[in-house]
Amino acid sequence: MKIAVLSGKGGTGKTLVSVNLAVAAKEAVYIDCDVEEPNGHLFFEPKPIGSEQIVIKIPVVDEKLCNGCRKCVEFCKFNALAYINNKLIVFDEVCHSCGGCMLFCPEKALAEKEKMIGEVQYGVSENVTVVTGILNIGEASGIPIIKNLLNYAKGEQAITFIDCPPGSACIVMESIKDADYCILVAEPTFF
Amino acid sequence: MKQLLILSGKGGTGKTTLAGAFIKLAKAKAYADCDVDAPNLHLVMEQSVAPKRTDYYGLPKAVINTDQCLQCDLCRQNCRFEAINVNHEYKVDYYSCEGCGVCEIICPENAISLKPAVAGELVLYADETVFSTARLKMGSGTSGMLVTEVKKQMNLVAKDAELAIIDGSPGIGCPVIASLSGVDMVLIVAEPSISGISDMERIIKTAEQFQTRVAVCINKYDTNLVNTEKIESFCKKINLPVAGRIPFDSNAVKAINSALSIIDIDCTSGRAAREVFAKTVEFLFSKS
Ligand code: SF4
Ligand code: SF4
Ligand code: SF4
Ligand code: SF4
């Protein structure tokens with residue numbers, strides 16, 4: 001069973017609730033999807049078992065092949081490409097890794113390189129397997145990390161608790177995609 | 001115009017409460033709420049005029065015309081966001097689609113088109129003061145772009161304002177990065193909890209990438225004095241000015257629940273907020 005713990009605003013005690021639920025369960029997996037501010041591990045201090053680097057694909061241009069047609073620049077919906085001073089420039093931070101520019105370059109001048117955007121760490125703390133996703137500073141989107149994190153969820157005997165990021169944007173939708181139940185942590189204020 | 005951005009890394013540190021107090025103390029002619037995912041500033045800042053509302057279009061979403069689709073599977077193979085599913089017919093999952101446009105071009109039957117999609121709403125209150133805010137639709141991406149629009153909307157109408165105060169969003173991702181561009185100074189509202197400290201360090205590093213000036217204040221400092229001192233010595237080590245401490249104050253919650261600012265009533269947190277404000281303005285308008 002997978003239970004996601006959510007809250008509309010931050011600071012309502014979402015992490016407190018999910019950490020303690022995981023401890024109270026006989027056997028549990030705690031997944032911290034709040035990759036921008038992962039905090040759950042601070043309470044568990046898990047014994048580390050391993051980690052995995054999360055990479056995304058970013059285009060690189062072969063300048064010998066590029067003829068400056070700018071088809072890729074026109075295509076990119078995220079304005080991650082520009083052709084300036086006879087050179088194609090890739091803005092890594094805004095690239096969404098859709099692969100379109102590479103697919104559609106008529107000169108086949110684009111290839112992809114891997115770029116690390118963060119890490120998934122896993123470890124144990126007594127009866128709880130603690131899985132934490134960490135987004136590197138300056139990266140815009142943690143969604144590729146969350147996709148990887150959710151692979152650690154266990155279905156059968158153990159209960160998986162998913163500590164979600166605050167709010168209700170795309171990153172939260174990604175975190176609760178496969179959840180069976182959601183717990184909403186609210187606060188009795190006007191906010 | 002000088003722009004002051006208030007951030008916190010972690011949510012719930014009292015960022016909006018402090019932003020509201022600052023706006024009142026500064027009699028700011030321009031302010032904005034960039035927490036488009038969970039905007040709250042309008043709840044503390046009473047408005048006398050009706051707002052102007054505009055739909056915000058994020059990136060378009062792909063739509064498959066099933067009459068034209070020959071089920072060749074090319075679109076599904078090439079969509080990097082796993083947004084195309086087959087269940088008798090080919091369909092785009094609205095929430096997963098990022099509007100990249102790959103499928104539109106790859107489809108040999110021209111069965112796919114990108115349709116504009118409303119991703120939220122921009123809200124503008126403008127009389128003598130300008131208040132720009134927005135609300136992102138649930139599950140939408142592109143919050144960074146909406147944040148940029150919120151700031152644009154404010155800057156356009158309030159060109160002559162001397163000081164603009166911007167309430168940021170939690171985290172360090174795209175909305176925060178978007179809110180950082182072009183601001184003169186960031187005030188970080190930290191909390192003396194273990195998670196508060198680690199979040200503060202991450203948000204400081206994010207702000208430093210923009211070479212924005214940073215100051216820190218500590219809210220609810222008396223809930224953990226040891227950690228408060230840790231924060232202060234950390235700031236000292238990396239040469240960040242500390243704008244002050246604000247105590248935990250049950251009157252603050254009461255003020256919020258009666259839609260007042262902490263400086264509207266006589267309370268300890270309100271008094272401390274005044275001092276933090278004076279210090280922050282001093283940093284903001286000082287040279288270097
Ligand atoms: S589409 Fe290819 S050839 Fe044209 S500008 Fe881009 S990289 Fe160069
Ligand atoms: S991979 Fe997609 S988002 Fe990145 S540069 Fe190419 S077209 Fe733009
Ligand atoms: S527009 Fe891009 S993300 Fe959306 S369905 Fe097409 S390929 Fe996938
Ligand atoms: S690429 Fe076009 S024709 Fe092929 S499955 Fe997709 S929508 Fe259908």
Side-chain angles (χ1 to χ4, degrees), chain A residues 7-16 34-43 56-57 71 74-79 93-104 134-144 147 165-174 176-177 187-191, chain B residues 8-16 35-38 40 43-44 59-60 78-82 95-96 98-102 105-106 114 136-144 169-178 191 193-196 198-199 202-203 205-206 208-209 253 256-259:
Chain A
S7 70
K9 73 189 271 292
T12 56
K14 197 167 37 56
T15 298
L16 181 92
D34 193 357
V35 296
E36 292 180 32
E37 313 290 355
N39 285 324
H41 66 102
L42 299 172
F43 302 103
I56 55 167
K57 293 201 166 99
K71 288 234 161 62
E74 278 160 39
F75 171 77
C76 180
K77 302 278 187 296
F78 308 99
N79 298 320
E93 308 77 40
V94 279
C95 170
H96 278 53
S97 309
C98 72
C101 54
M102 188 192 52
L103 273 176
F104 304 128
I134 306 162
L135 181 67
N136 285 355
I137 310 258
E139 294 297 336
S141 168
I143 287 185
K147 285 205 167 122
S168 59
C170 51
I171 189 158
V172 180
M173 298 301 272
E174 194 62 47
I176 62 172
K177 230 181 191 166
E187 213 183 53
T189 64
F190 196 31
F191 285 171
Chain B
S8 66
K10 165 178 193 306
T13 60
K15 185 173 50 61
T16 300
D35 189 0
V36 295
D37 199 17
N40 278 329
L43 298 175
V44 262
L59 284 164
N78 283 286
C79 173
R80 290 268 176 96
F81 305 98
E82 290 163 30
Y95 288 114
S96 302
E98 302 219 1
C100 71
V102 165
I105 297 198
I106 212 121
L114 291 180
L136 194 69
K137 250 175 70 177
M138 210 190 68
S140 287
T142 69
S143 48
S169 55
I172 57 166
C174 54
V176 174
I177 291 172
E191 212 182 57
S193 59
I194 3 175
S195 43
S198 92
D199 292 344
R202 283 166 69 80
I203 190 76
K205 285 201 194 117
T206 310
E208 275 173 351
Q209 291 197 331
V253 182
I256 293 165
N257 284 338
S258 34

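Every chain is numbered from 1 and lettered A, B, ... according to where its sequence line falls, protein lines coming before strand lines. A quick note: this is a predicted structure, and the numbers were derived from the prediction, not measured.
Closest of all the heavy-atom pairs between B/Ser169 and B/Pro175 is OG-CB, 3.5 Å. Residues A/Lys77 and B/Gly99 share a closest heavy-atom pair of CG-O, 3.4 Å.
In terms of heavy-atom pairs under 4.5 Å with chain B, the best-connected choice from A/Gly100, A/Cys98, A/Gly99 is A/Cys98. Note: B/Arg202 leads B/Glu191, B/Lys205, B/Arg202 in heavy-atom pairs under 4.5 Å with chain A.
Proximity to chain A (any heavy atom under 4.5 Å) is restricted, for B/Gln209, to the side chain, taken from C-beta onward. For a residue to count as touching a neighbouring chain, one of its non-hydrogen atoms must lie under 4.5 Å from one of that chain's; by this rule A/Leu135 touches chain B with backbone and side chain alike. Only the backbone of A/Val35 has a heavy atom closer than 4.5 Å to any heavy atom of chain B. Looking at B/Ile203, there are no atoms closer than 4.5 Å to chain A (heavy atoms on both sides), in backbone or side chain.
Applying the side-chain hydrogen bond (donor to acceptor under 3.5 Å, both in side chains) test to B/Ser96 and every residue at least two apart in sequence or in another chain returns B/Asp93.
Between A/Phe104 and A/Phe75, the ring planes lie perpendicular to each other; the angle is over 60°, past the 30° to 60° tilted range.
A side-chain N or O of B/Asp199 and one of A/Asn39 form a donor-acceptor pair less than 3.5 Å apart.
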